[in-house]
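Input: a single structure, listed below in structure tokens.
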There are 2 protein chains.
Amino acid sequence: MPDEVFMKTPATPPRRPRDGTLRTALVDAGVALLRTRGPDGLSLRECAAQAGVSHAAPAYHFKNLAGLSTAIAARGYSLFCTAMTARLARAANSPTARLNAICHGYLDFASAHPELFLFIFSGQQLDKENDDFAQHSSNAYGILREACAPFVQPGAEPEEVEILVWSVVHGYAHLTMIHKADNPKFRENWPKLDLLLEHLDRALETAVKT
Amino acid sequence: MPDEVFMKTPATPPRRPRDGTLRTALVDAGVALLRTRGPDGLSLRECAAQAGVSHAAPAYHFKNLAGLSTAIAARGYSLFCTAMTARLARAANSPTARLNAICHGYLDFASAHPELFLFIFSGQQLDKENDDFAQHSSNAYGILREACAPFVQPGAEPEEVEILVWSVVHGYAHLTMIHKADNPKFRENWPKLDLLLEHLDRALETAVKT
DNA sequence: CAATCAAACTTGACACTGTCAAGATAAGTC
DNA sequence: GACTTATCTTGACAGTGTCAAGTTTGATTG
């Protein structure tokens with residue numbers, strides 16, 4: 001290739017696009033690392049290597065490992081939202097159908113991205129002041145809040161229903177993911193989500209009637 | 001100090017008791033580290049330093065960092081059991097009173113040892129073949145199973161009730177701990193556990209009646 | 001068009017980590 | 001009292017996060 005003097009980009013690596021390309025590439029690498037190497041496999045240097053940049057490049061965009069972790073968690077919440085809205089789109093228009101739909105979406109996300117689900121709720125220090133994270137996580141809660149609204153009795157706090165619903169579906173999803181690799185005897189009798197939702201729906205109905 | 005030749009113990013540190021002293025001291029140090037420095041503050045070398053031994057001493061007793069983590073998790077499950085049985089001892093003898101008691105015990109443990117609670121359920125790789133861990137964790141589940149037994153309908157799988165109850169209380173406890181440091185506006189309207197238990201008890205009652 | 005400037009990295013260093021191999025030392029046993 | 005073995009220590013190595021300083025490069029400006 002004799003005319004490499006003409007093309008300035010291939011000679012020196014064309015990294016410097018002044019958009020967020022590297023940012024998203026690093027988050028992609030982080031998600032992949034979590035999936036392939038487990039919760040402890042995430043590392044700034046390995047993300048940098050997978051993205052083809054030097055070991056200190058991630059620190060420029062994310063400051064800390066906590067910063068990268070927060071960006072990964074924000075990505076997770078974004079996928080969370082799409083999973084729930086996807087189920088909502090196919091649901092009937094009744095309040096209980098919509099409530100059950102977002103619960104199934106919650107579990108869909110956990111099943112499709114167990115490493116991200118556990119990562120988000122691992123209790124590690126995330127930068128909750130971060131705009132991206134705050135927006136996506138509050139979006140997710142907003143979807144839950146909307147689906148719960150029809151079951152809030154007049155004069156009652158909406159959180160009473162929201163935290164009840166959230167507790168049931170989150171507890172079920174979390175325990176399911178935590179015990180995913182456990183002995184099959186335990187997993188064989190593991191009840192389906194719909195079985196819990198029957199109880200939940202009944203509890204919310206009776207609560208309205210009384 | 002001229003007569004240091006007489007006292008052999010102070011010259012060379014008297015470490016070698018051939019019982020599990022160092023083991024428990026290292027687990028103590030690990031629990032303390034988790035509390036003071038957060039989920040990422042656990043380290044074999046720091047545990048060794050706090051216990052006053054060399055940096056490689058923990059590897060002899062626990063093989064891996066995963067081994068130490070498993071021992072810490074086993075300690076957590078043990079405290080889990082004592083928290084639930086303590087509430088059971090003070091509970092009335094009705095099935096619902098006993099069920100609510102273990103749920104409160106579950107939350108007691110999470111509130112008293114948030115770092116251990118989150119550590120146990122952080123989804124990291126623990127050695128579930130380990131005898132100590134297996135025994136204590138199955139003990140904890142046994143307590144739950146016993147309290148749920150009166151609500152299992154004849155012919156039904158006990159897991160249906162157990163996972164329902166476990167999901168509700170675990171989801172509530174986990175979400176509470178995860179959002180402990182969040183904005184106070186959220187925490188102000190956070191419902192009490194008893195409010196969820198009312199719904200749970202009612203759901204189990206109606207399930208029996210139908 | 002050339003000089004400048006700041007954004008987007010790279011390079012190098014440091015302290016810290018887990019893990020392994022090899023050695024030391026004391027406890028218990030015969 | 002010699003031997004064996006459990007319990008550590010010492011030393012080394014690769015890998016990690018983080019910081020400081022330099023370097024390249026796209027854009028801006030005179």
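Please read all numbers here as calculations on a predicted model, not as lab measurements. In what follows, chains are A, B, ... by sequence order, proteins preceding strands, each numbered from 1.
- Residue A:Ala56 is classed as a base contact, given a heavy-atom separation below 4.0 Å to a base.
- A salt bridge links A:Arg145 with A:Glu159: the distance from a Lys NZ or Arg NE/NH1/NH2 to an Asp or Glu carboxylate oxygen falls below 4.0 Å.
- Of the N and O atoms on the side chains of B:Gln135 and B:Tyr77, not one donor lies less than 3.5 Å from an acceptor on the other residue.
- Contacts with DNA chain C (heavy atom under 4.0 Å) in residues 67-75 of chain A: none are found.
- The pair B:Glu115-B:Arg37 fails the salt-bridge criterion, with no side-chain N (NZ, NE, NH1 or NH2) lying under 4.0 Å from an Asp/Glu carboxylate O.
- Around atom NZ of A:Lys192, no more than 12 heavy atoms belonging to other residues, nucleotides or ligands sit under 6.0 Å away.
- In this model, the phosphate group of C:dG18 is approached by a side-chain N or O of B:Ser43 to a distance below 4.0 Å at OP1 or OP2.
- A:Asp127 has no carboxylate O lying under 4.0 Å from a charged side-chain N of A:Lys63, or vice versa, which leaves the two without a salt bridge.
- At a threshold of 4.5 Å between non-hydrogen side-chain atoms, the residues A:Asp108 and A:Met84 do not count as touching.
- Nucleotide D:dA12 holds its C1' atom 10 Å from the CZ atom of B:Arg45, rounded to whole Å.
- Rounded to an integer number of Å, the gap from CG of A:Leu44 to P of C:dT17 is 17 Å.
- Across all strands shown, A:His55 has heavy atoms under 4.0 Å from base atoms, whether or not it also approaches the sugar-phosphate.
- Residue contacts shown for B:Ala57 include a base, since a base heavy atom lies under 4.0 Å away.
- Annotation: of the two residues near DNA chain D, A:Ala59 and B:Tyr60, the 5′-most nearest-nucleotide partner is B:Tyr60.
- Of the candidate nucleotides C:dG18, D:dT18, D:dT9, C:dG18 has the atom nearest to the side chain of B:Leu65.
- Nearest to the side chain of B:Asn64, among C:dT19, D:dA6, D:dT10, sits C:dT19.
- The side chain of B:Glu46 has C:dT17 as its nearest neighbour among C:dA13, C:dT17, C:dT19.
- Within a heavy-atom distance below 4.0 Å of DNA chain D, no residue of residues 30-37 of chain B is found.
- We find that NZ of A:Lys63 is positioned 16 Å from C1' of C:dC9, with the value rounded to whole Å.
- With hydrogens and angles left out, the side-chain atoms of B:Trp166 and B:Tyr106 include a donor and acceptor closer than 3.5 Å.
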